[in-house]
Amino acid sequence: MHLSKILIIARREFMTNIRRRAFWFTLFGLPLILAGSTFIGGALGAAAANDTSGFKAVGIVDQAGFLTANGKTPSIELVKPFVYYPTEAAAQADFESGIIDGYYVLTDEFYKTRVPKAYYRREKLFGEAINDRLFKEVLRPAAAAKLGNEALAKRLTNPLEELVVYREGTDVPLEENALLAAIFVPVIMGMLMFTLSMSNSQYLMQGLVEEKENRMMEVFVTSALPVELLWGKLLGLGALGLLQIVVWIALGLTGALLFSGLNLGMFLATYGITPSYLLVLTAYVILGFGFFGAVMAAIGAVSNTDQESRQLAGWLTLPALLPVLLIALYFVDPNGPLPVFFSLFPLTSPVGMILRASMTFVPPEQVIASLAILAASVVGTIWIAAKVMRLGMLNYGKRPSLRQLLRAIRRGQTELIAKPTLEGRS
Amino acid sequence: MPETVIEVRGVSKFYGDFTAVDNVTFDVYRGEIFSMLGPNGAGKTSTIRMILDILKPDEGSIQVFGAPFSEKTKERIGYLPEERGLYKNVPVIELLTYLAALKGMKPAAARRKAEALLEEFGMTANRKSKVKELSKGMSQKIQFISTILHEPDLIIVDEPFSGLDPVNTEMIKQLIFRMRARGTTIVMSIHQMNQVEEMADRLIMINKGKRVLYGPVDVVRDQYAENAVIVQGEGHWEALPGVTEVIREENGRGAKLKLAAVYTPNQLMAYLASDERYKVRSYALAVPSLNDIFIRVAGENPEPTPEAVR
């Protein structure tokens with residue numbers, strides 16, 4: 001095996017694929033789409049959640065005697081747009097004449113249900129924004145006034161607000177954002193891992209199939225060993241993958257800096273992203289790519305057309321996605337038997353371990369074992385891929401049988417089976 | 001004794017029940033143009049692939065440059081496969097440099113040599129074109145350049161002239177002659193018999209996996225030569241002593257005279273010179289063309305041929 005040849009092939013692979021439009025789309029398009037949808041979705045959501053300027057007046061009828069200690073006037077001063085109505089009939093009349101946009105009724109049941117009845121027009125729904133204001137600006141102060149105990153009033157109106165949440169294995173309370181992060185960070189990281197290990201390894205497969213389709217392979221094998229070709233491609237595309245990660249991390253950090261108002265450390269801590277987590281992530285990105293790259297190379301070696309190889313690859317990418325598909329299991333118990341298995345088994349471990357590590361503390365010995373299994377699988381798969389490559393590369397138009405593949409792996413590079421096909425000459 | 005570059009001994013290759021190559025033995029000498037002939041499916045490409053270590057022989061042995069095939073051997077060989085192909089989206093100069101670098105050439109030297117060869121082939125203007133933008137003939141030339149760019153000691157070319165027009169055929173032919181003059185060994189698998197007659201020093205013909213002809217082109221042709229002469233002139237050819245049959249050529253200008261086994265062309269020539277009734281404008285031995293031999297041999301069952309000498 002010649003390092004110089006591996007490097008020549010790696011360089012070409014890098015240069016060829018960096019020119020692909022798909023690469024640039026993945027590099028910048030994907031984060032842009034992600035950031036764009038988050039931003040637009042967030043902005044729209046935030047605007048809708050806080051904006052009550054569309055309501056000119058909203059009536060409140062208190063049949064329960066919650067606001068009105070003396071039964072006549074409210075115990076607190078109502079802020080706009082809220083307006084007090086002594087009876088439902090009066091509110092109904094103003095509603096019909098268009099003076100108010102709608103009204104809430106605190107019925108006799110209110111003490112039991114804590115849910116006011118609401119009447120509004122179809123074109124001007126009482127959404128979360130106005131409901132929220134009712135609770136925060138009317139009901140909670142009223143309760144406090146009634147009880148003479150603001151803390152108790154708070155708990156009464158929103159019992160979960162005082163809940164303190166801790167990350168498993170730590171005693172630092174989490175912010176509200178961190179709760180959301182606990183759900184989204186694992187999913188996003190899992191998908192990121194999947195995209196990273198799959199997209200570039202698919203280039204490897206496509207490249208090999210292309211070389212078979214355009215008959216370059218026969219020239220190649222008289223210039224380099226299959227294992228040199230494979231390592232070269234793996235290194236070249238690996239370098240491309242690293243470039244991708246560096247760009248993404250840079251974009252992510254820039255976004256995080258802007259989003260968090262320059263308090264990056266705090267931001268990362270909130271989202272549970274620690275240096276050791278990033279280290280584990282990087283290790284899995286590299287080894288995950290190496291493993292799937294070798295798997296894709298083996299597929300490319302035995303397939304004759306792009307379509308055929310994609311079909312085969314599709315079947316093998318399914319297990320890689322399995323942890324994300326079964327994410328509910330992780331929320332129930334990230335250290336349960338199946339999540340632990342997924343984080344050790346090489347086909348699922350890149351995504352599986354990142355999911356687990358995003359949710360819980362994974363014992364270091366498990367991370368080490370999982371990485372060791374993955375590394376051994378990379379070497380083993382490349383070895384097998386190199387063997388089947390020589391078998392597959394001359395079988396134009398014909399996929400080798402399982403028996404041929406096994407024989408090729410057993411006998412190694414000393415045995416090649418290239419049965420002539422109708423289109424091929426002797 | 002000429003230096004042997006390729007030594008093939010008793011090589012066979014089986015694909016299941018099918019025998020693609022059957023106990024074939026031959027040598028290729030340094031600095032010669034060696035031609036491999038045979039009908040489609042005869043076993044030529046399988047033999048070439050075994051020489052190049054793409055396939056392993058099931059029986060027999062092959063040595064290249066006096067040793068079993070090794071990674072180092074690859075750098076000394078240029079190979080133009082019959083199934084042609086190049087990267088479609090890569091600029092010509094980049095592709096050539098890459099392929100030469102894989103053969104162990106320094107990138108800068110590879111680029112210089114590639115530029116020079118492109119100029120020789122009149123393709124300097126296309127140096128930055130992508131392969132997909134080139135005509136079929138042009139990409140054939142690029143492929144040929146990639147075969148010889150790293151200055152190999154041995155080139156193996158499978159149908160080097162297919163798809164080329166007469167001008168480009170001639171250009172590549174002259175290039176091959178120049179390479180031979182410099183001591184490069186050339187193995188050509190080829191269909192056009194006239195090219196073999198014109199270019200090859202020695203040949204092997206394989207039919208149904210077996211070697212059916214082998215040796216210097218002239219010796220092979222002599223083996224198949226009949227005891228006959230071609231004459232042009234005037235006279236009653238049938239009356240000549242020793243002539244058993246007269247076959248007149250279709251254009252009426254000449255005739256092929258078959259001779260009895262005991263009578264030689266020299267004796268006939270002496271007789272013609274002494275008899276005033278015959279006027280001879282040209283007199284030649286009836287040597288069969290390789291095409292005739294090819295058709296004859298390919299149509300027959302292989303038979304043992306005498307070991308030819310160089």
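Per chain, numbering begins at 1; letters A, B, ... match sequence-line order. Just so you know, these numbers come straight off a predicted model, no measurement behind them.
In this structure the side chain of A:Glu218 reaches within 4.5 angstrom of the side chain of B:Tyr79, judged on heavy atoms.
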Which is it for B:Glu94 and A:Arg19 under the salt bridge (Lys or Arg N to Asp or Glu O under 4.0 Å) test, yes or no, and what are the steps along the way? CA-CA 14 Å; B:Glu94 210 173 287; A:Arg19 290 185 198 141; 3.1 Å; yes
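B:Leu102 touches chain A through backbone and side chain together, each having a heavy atom under 4.5 Å away.
Comparing B:Leu86, B:Val90, B:Leu52 by heavy-atom pairs within less than 4.5 Å of chain A, the highest count is held by B:Leu86.
Figure legend: cation-pi geometry between A:Arg12 and B:Tyr87, with NZ or CZ positioned under 6.0 Å from the six-membered ring centre and within 45° of its axis.
For A:Arg11, the CZ atom is loosely surrounded, since the number of other residues' heavy atoms within 6.0 Å does not exceed 12.
Side-chain atoms of B:Lys74 come within 3.5 Å of backbone N or O of A:Val221 as a donor-acceptor pair. In this structure, B:Lys103 contributes its side chain and A:Thr222 its backbone to a donor-acceptor pair below 3.5 Å.
Rounding to the nearest 0.5 angstrom, the gap separating the OG atom in A:Ser223 from the CD atom in B:Glu71 is 10.0 Å.
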